[in-house]
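Below is one structure; the comments refer to it alone.
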Amino acid sequence: MTSQTITAAGTWKLGDRTVNRIGFGAMRLAQNGEALVGGAVPRDRGQAVEVLRRAVDLGVNHIDTAAFYFSPLRSANELINHALAPYPEDLVIATKVGPGRAPSGEWLPHARPEQLRGQVEENLRQLGRDHLDVVNLRIVGTDSIAERFGALAELRQAGLVRHLGLSNVRPHHLDEALAIAPVVCVQNMYGIGVQPEQDEFLRTCGERGVAFVPFYSIAGSGRQAGAVGEDSPVVLEVARAHGASAAQVRLAWTLQRGRHVLAIPGTGDPDHLAANVAAGALRLTPADLAVLDTLHRGRGAS
């Protein structure tokens, strides 16, 4: 596989930064097994560094990370810094603020508006940068985000943040944020059979020029533990017809939802990384899309 493979999926602009539509999610980088748990087993450092460097070699120029992506002894941000600094000029690193974890791994209450600057500065320190390309405000619930997003907008004006995005939000949150500052992306859980009610929101983002960036598009209900059990017979049948894996079909389906849809599959395995990147060149037929769309709308990911 060459770096040209990734360009088959096309590009999208996050503000003034152009990224290939197949990116890389760093959540699985710091540990083996389930992510975001206190007792996680740290991943081999050399393997994590190899995966990051290989991703860039394959043309990945959009990495999604967060300061709360860590396990004992390993931090995704610091691994990225070690592996890739000095950073390639075209590399866009997107991070998230809002959630926080204690050094023990326990979750802390979400940051208040006045605490967000500290989270931004922690990401800057770990990544070794003087500004962040994209910062996503991740939330839980349906309450107003105006005060928190406004705090990030002030950091954008101060030059600490280049572009802003949202994570785990509803349509009214996008409306609220756009009234304060530009939004370049929305990150929500989405995939075949995963939150089909997001379909309309996905289309709305495209109409507004906002990238839609699904997470858990492969893992589905497995979430941070990764894909669990055998995949749907429908997905497996499409995969066999293309000589592909079920994970590749899920990524390809996601990408074919719209030119503004980006993919950020995560892995700590070099072979899985190469397969994920190759999914960008997989073209599903109208018949494939019809059966997968039926699965998506009707029977979930079973």
Side-chain angles (χ1 to χ4, degrees), residues 1 3-14 17-29 35 51-52 54-56 58-66 90-96 133-134 136 165-168 184-195 198-199 201-203 205-206 210-220 222-224 226-227 231 235 238-239 242 244-269 271-284 288-289 292 296 301:
M1 184 192 304
S3 60
Q4 281 71 42
T5 303
I6 200 169
T7 62
T11 62
W12 185 260
K13 294 195 76 170
L14 294 173
R17 306 300 305 277
T18 299
V19 297
N20 292 317
R21 292 177 63 217
I22 290 275
F24 177 81
M27 185 187 72
R28 308 197 61 77
L29 199 60
V51 166
L52 285 164
R54 180 60 176 153
V56 171
L58 290 174
V60 169
N61 62 359
H62 172 212
I63 295 177
D64 176 78
T65 186
D90 69 335
L91 181 64
V92 173
I93 299 178
T95 189
K96 287 172 289 298
D133 297 317
V134 180
N136 293 299
L166 301 169
S167 179
N168 200 41
V184 300
C185 58
V186 165
Q187 287 189 352
N188 276 6
M189 184 173 174
Y190 184 75
I192 298 175
V194 179
Q195 297 195 160
Q198 293 279 317
D199 289 350
F201 191 21
L202 181 152
R203 288 190 292 270
C205 287
V210 176
F212 191 88
V213 189
F215 56 84
Y216 299 148
S217 57
I218 295 177
R223 300 172 67 88
Q224 62 262 31
D231 214 312
V235 175
V238 173
H242 289 274
S245 69
Q248 288 176 317
V249 168
R250 289 183 173 275
L251 284 174
W253 178 89
T254 300
L255 289 168
Q256 288 185 232
R257 303 301 279 176
R259 298 297 301 172
H260 67 296
V261 179
L262 310 182
I264 49 169
T267 182
D269 183 288
D271 292 334
H272 290 167
L273 168 69
N276 290 341
V277 170
L282 176 58
R283 291 292 174 265
L284 302 176
D288 296 332
L289 294 173
L292 293 172
H296 173 61

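For the single chain, residues carry numbers from 1 onward in sequence order.
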Nearest 0.5 Å, please: how far is [atom2] in [Y] from [atom1] in [X]?
{"X": "Ile218", "Y": "Arg250", "atom1": "CD1", "atom2": "CZ", "result": "9.0 Å"}
{"X": "Tyr216", "Y": "Met27", "atom1": "OH", "atom2": "CE", "result": "4.0 Å"}
{"X": "Thr254", "Y": "Ile192", "atom1": "OG1", "atom2": "CD1", "result": "6.5 Å"}
{"X": "Leu166", "Y": "Cys205", "atom1": "CG", "atom2": "SG", "result": "9.0 Å"}

Can you name the closest pair of heavy atoms from [X] and [Y] and give their distance?
{"X": "Leu282", "Y": "Gln256", "result": "O-OE1, 3.7 Å"}
{"X": "Ala246", "Y": "Asp231", "result": "CB-OD2, 3.4 Å"}
{"X": "Cys185", "Y": "Leu14", "result": "CB-CD2, 4.1 Å"}
{"X": "Thr18", "Y": "Asn61", "result": "O-ND2, 3.5 Å"}
{"X": "Ile264", "Y": "Pro214", "result": "CG1-O, 3.6 Å"}
{"X": "Thr267", "Y": "Val51", "result": "O-CG1, 3.8 Å"}

Just so I know, are the side chains of [X] and [Y] near enough to count as touching, which here means a heavy-atom distance under 4.5 Å?
{"X": "Phe24", "Y": "Arg54", "answer": "no"}
{"X": "Val249", "Y": "His242", "answer": "no"}
{"X": "Arg17", "Y": "Val134", "answer": "no"}
{"X": "Val235", "Y": "Leu292", "answer": "yes"}

Set of residues satisfying side chain to side chain donor-acceptor pair (under 3.5 Å) with respect to [X], sequence neighbours excluded:
{"X": "Gln198", "result": "Asn188"}
{"X": "Thr65", "result": "Asn77"}
{"X": "Asp64", "result": "Lys96, Gln187"}

Sequence neighbours left out, what passes side-chain contact (heavy atoms from CB on, under 4.5 Å) with Ala263? Give chain and number order.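 For Ala263, the residues satisfying side-chain contact (heavy atoms from CB on, under 4.5 Å) (neighbours in sequence not counted) are Ile22, Leu251, Leu255, Pro265.
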List the residues meeting ring-ring contact (aromatic ring centres under 6.0 Å, His included) with Tyr190, not counting sequence neighbours, and say none if there are none.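 Counting only residues at least two positions away or on another chain, Tyr190 forms a ring-ring contact (aromatic ring centres under 6.0 Å, His included) with Phe212, Trp253, His296.
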So, [X] side chain and [Y] main chain: donor-acceptor pair closer than 3.5 Å or not?
{"X": "Arg21", "Y": "Trp12", "value": "no"}
{"X": "His260", "Y": "Gly206", "value": "yes"}
{"X": "Arg28", "Y": "Gly266", "value": "no"}
{"X": "Arg283", "Y": "Gly280", "value": "yes"}

Please output the side-chain donor-acceptor pairs of residues 271-279 that fall under 3.5 Å, not counting sequence neighbours, one pair per line with the distance.
unit_1 : atom_1 : unit_2 : atom_2 : d
Asn276 : ND2    : His272 : O      : 3.4

If we check side-chain contact (heavy atoms from CB on, under 4.5 Å) with Val19, which of these qualifies: Val92, Thr11, Asp90, Val60?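 The passing option is Val92.
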